[in-house]
Amino acid sequence: MKHITVTKPFLPEKDEFLKYIDEIWENQWLTNQGPLHERFAIELKQYLQVDQITLFVNGHLALDTAIKSLGLKGEVITTPFTFASTTHALYLNNITPVFCDINEEDLTVDIDSIESLITPKTTAILAVHVYGHPCHIEEIENIANRHNLKVIYDAAHCFGMTYNHQSICQYGDVSMLSLHATKLFHSIEGGALIYKNGNYKEIFDAYKNFGIQNEELISYVGGNAKMNELQAAMGLANLKYVDRNISERKKITLLYRELLTPVSGIKYFCPEKHGDIEYNFSYMPVLIDENIYGLSRDEVYIKLKDNNIYTRKYFYPLITQFACYQEQFAEISLPIAEKISKQILCLPIYNGLSLHDVKQICYMISTLPMQEGQKDV
Ligand code: T4K
């Protein structure tokens, strides 16, 4: 089998990218809110149908800026089932992450557990729309209103998604998008904050540029998180392909689902919809039940790798089990998240992955337990 990785960055036609690079040479403007950056922000607002957007060098620093700008402190309720960035962003701002278990249906934070974790020190909820599956947005909003908390969504996986007929990033106080190379839509590295409150714009813009408001007014202790012109060029060149890329991924996803449905013990991930949702088909996660399938998730991971198929265990280990956090958080009981993190496997999905390859991968998954059985005879 040829080498297949969990994802591969999409690249536009080289000429289309080079047209923007020519402009950079003409402008002699490389970073700090250059003309391509400004154009990219406008085109993104139009595409996503949102009023406010601030661009960043990457998603992590966008999240960091949101946390700083909203003045979060004390404790923030969050999920253990996510990428390192979500928790690191809190921790590096001297905030204690308070881990809430996830629900088994869509793997987002369990809304029935949130309120019991709120203390006088809680300032916000930082929830993740995992693989683009929306959190229980209305319930989270109600809880936040009752307890006067801010809500930030890590929407790293959600580019182009809508929830109840508007961008999913319009919910909560702020949402963070990742525009990393491995995402459905990217600007090489990149990130964005999306929000409805227009007053945030000034503070986000300042925080990503050393807190500078104008040449003589430095109002905040900010860092450097600016998107540069080369990133904006890639974003602009990629934008026109997004709809086509989502349709292609939908076809790949539907084929996976069709071919994996008969495989006992492999559950593809397709939660009940709680709202009107337009997905972007970013990831292809499956849950492997060893008792039914006959092989553990780790065995499947290794066997696929032996056959040149490189899946990923997003998200294993749980954040609470990371070496850097183990001392503080290892004792916290998060039974659902622990179970899911041992069963989850993200299968390859990217633009350019052929349906033939998907069939091969599914064939391999459906026959692995039999091959093992034959070895035992
Ligand atoms: N919050 C959440 C929930 C996130 O998932 C992420 C990022 C963030 C926050 C932070 O956003 P950013 O600051 O990154 O914008 C990858 C991505 O690097 C990371 O952005 C993403 N989540 C995470 C889920 O996946 P790794 O450590 O798995 O990346 P890596 O280098 O192992 O690449 C994965 C696969 O992609 C490999 O099989 C190779 C392939 N690949 C990768 C790159 C970079 C390519 O073929 N070409 C490439 O250029 O984290």
Side-chain angles (χ1 to χ4, degrees), residues 2-12 44 54-67 76 78-93 97 99 102 106-109 126-135 152-159 161 168-169 172 174-194 208 223-228 230-231 234-235 238 280 282-285 301 304-305 308-319 322 337 341 344-353 357 361:
K2 71 178 195 207
H3 186 90
I4 298 179
T5 49
V6 68
T7 185
K8 229 183 218 182
F10 171 78
L11 286 168
L44 274 179
T54 304
L55 299 176
F56 289 85
V57 66
N58 59 50
H60 178 74
L61 287 176
L63 194 54
D64 175 74
T65 301
I67 290 167
V76 169
T78 190
T79 172
F81 190 71
T82 183
F83 191 60
S85 166
T86 321
T87 309
H88 287 354
L90 293 171
Y91 207 78
L92 290 169
N93 279 293
F99 294 102
I102 57 174
D106 58 28
L107 314 187
T108 63
V109 277
L126 169 52
V128 181
H129 303 304
V130 183
Y131 317 126
H133 294 291
C135 294
I152 300 182
Y153 285 112
D154 178 334
H157 303 170
C158 294
F159 189 88
M161 278 190 52
I168 193 168
C169 297
V174 191
S175 294
M176 177 278 278
L177 277 176
S178 166
L179 310 180
H180 183 263
T182 54
K183 297 291 187 288
L184 155 75
F185 170 77
H186 73 88
S187 53
I188 308 176
E189 292 265 5
L193 291 180
I194 292 175
K208 72 173 183 179
N224 180 356
K226 291 166 291 184
M227 174 178 278
N228 66 51
L230 279 148
Q231 292 178 289
M234 181 60 91
N238 276 342
N280 65 8
S282 279
Y283 290 86
M284 183 59 217
Y301 171 85
L304 290 177
K305 195 166 162 188
N308 252 346
I309 300 166
Y310 291 79
T311 58
R312 288 303 275 266
K313 302 172 198 175
Y314 297 132
F315 296 102
Y316 174 87
L318 287 185
I319 301 274
F322 280 11
S341 81
I344 198 83
L345 194 64
C346 286
L347 303 179
I349 183 163
Y350 51 85
N351 293 100
L353 179 68
D357 289 336
I361 294 166

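Position 1 is the first residue of the sequence; numbering continues from there. As the structure is a prediction and not an experimental result, all values here were calculated from the model. Atoms within a ligand are numbered from 1 in the order they appear, just like the ligands themselves.
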**Prompt:** Where is the nearest protein heavy atom to atom 43 (C) of ligand 1: which residue, which atom, and how far?
**Reply:** Thr182 CG2, 4.1 Å

**Request:** Give a yes/no on ligand 1: does Gly191 have at least one heavy atom closer than 4.0 angstrom to it?
**Result:** no

**Item:** For Tyr283, atoms of ligand 1 separated by under 4.0 Å from a heavy atom
**Value:** 24 (C)

**Message:** Looking at every heavy atom in both Asn280 and Leu184, which two are closest together, and how far apart are they?
**Reply:** CB-CD2, 3.6 Å

**Residue and atom name of the nearest protein heavy atom (relative to atom 36 (O) of ligand 1), distance in Å to one decimal** = Thr7 CG2, 3.3 Å

**Asked** Considering distance alone, does some N or O of His60 sit under 3.5 Å from an N or O of ligand 1?
**Response** yes

**Message:** How long is the straight-line distance from CG of Leu63 back to CE of Met176, given to the nearest 0.5 Å?
**Reply:** 4.5 Å

**Asked** For Tyr314, is the nearest heavy atom under 4.0 Å from an atom of ligand 1?
**Response** yes

**Request:** Run the contact test for Gly190 against ligand 1 with a 4.0 Å cut-off on heavy atoms, strictly below, and give the result.
**Result:** yes

**Asked** Of the protein's non-hydrogen atoms, which lies at the shortest distance from atom 1 (N) of ligand 1, and what is that distance?
**Response** Asp154 OD2, 2.6 Å

**Asked** For the residue pair Leu107 and Ile102, what are the closest heavy atoms and their distance?
**Response** O-CG2, 3.5 Å

**Request:** Say whether Tyr350 and ligand 1 are in contact under the criterion: heavy-atom distance to a ligand atom below 4.0 Å.
**Result:** no

**Message:** Over 60° means perpendicular and under 30° means parallel, so tell me whether Tyr283 and His157 are parallel, tilted or perpendicular.
**Reply:** tilted

**Non-hydrogen protein atom less than 4.0 angstrom from atom 13 (O) of ligand 1** = yes

**Prompt:** Among all protein non-hydrogen atoms, which one is nearest to atom 5 (O) of ligand 1, and what is the separation to 0.1 Å?
**Reply:** His157 NE2, 2.8 Å

**Per atom 44 (C) of ligand 1, closest listed option by heavy atom (His180, Glu189, His186)** = His180

**Request:** Could you list the atoms of ligand 1 found under 4.0 angstrom from a heavy atom of Thr82?
**Result:** 3 (C)

**Message:** Can you confirm whether Leu179 sits close enough to Gln231 that some side-chain heavy atom of one is under 4.5 Å from a side-chain heavy atom of the other?
**Reply:** no

**Message:** Quick test: of every protein heavy atom, which one is nearest to atom 15 (O) of ligand 1, and how far off is it to 0.1 Å?
**Reply:** Ser178 OG, 2.7 Å

**Message:** Counting the benzene-type ring for Trp, do His186 and Phe10 have ring centres under 6.0 Å apart?
**Reply:** no

**Request:** Find all atoms of ligand 1 within a distance of less than 4.0 Å from any non-hydrogen atom belonging to Ser85, and give their numbers and elements.
**Result:** 8 (C), 9 (C), 10 (C)

**Item:** Short side-chain to backbone donor-acceptor contact, His3 and Asn308, under 3.5 Å
**Value:** no

**Message:** Considering non-hydrogen atoms of the protein only, which is the closest contact for atom 4 (C) of ligand 1, and what is the distance?
**Reply:** Phe83 CB, 3.4 Å

**Fill in**
the protein heavy atom lying closest to atom 30 (P) of ligand 1 turns out to be Arg312 NH1, 4.0 Å

**Asked** Out of curiosity, Ser175 OG to Met161 CE, how far, rounded to the nearest 0.5 Å?
**Response** 11.0 Å

**Message:** Checking a contact table here: which protein heavy atom is nearest atom 46 (O) of ligand 1, and how many Å away?
**Reply:** Pro9 CD, 3.5 Å

**Asked** Considering only heavy atoms, does Phe56 approach ligand 1 within less than 4.0 Å through its side chain, its backbone, both, or neither?
**Response** neither

**Side-chain donor/acceptor of Lys208 to backbone N/O of Leu55, under 3.5 Å** = yes

**Aromatic ring pairing Phe315/Phe83, orientation class (parallel under 30°, perpendicular over 60°, tilted between)** = tilted

**Message:** Both conditions, 6.0 Å and 45 degrees, for the charged tip of Lys313 above the ring of Tyr301: are they met here?
**Reply:** yes

**Fill in**
Closest heavy-atom approach to atom 2 (C) of ligand 1 among Pro348, Cys158, Ala156, Cys346 is made by Ala156

**Prompt:** Sub-3.5 Å donor-acceptor pair from the side chain of Tyr350 to the main-chain atoms of Thr5, do we have one?
**Reply:** no

**Fill in**
So CD1 of Ile319 and OG1 of Thr87: to nearest 0.5 Å the spacing works out to 3.5 Å

**Fill in**
So the atoms of ligand 1 within less than 4.0 Å of a heavy atom of Thr5 turn out to be 38 (O)

**Message:** Using heavy atoms and a 4.0 Å limit, tell me yes or no: is Lys183 in contact with ligand 1?
**Reply:** yes

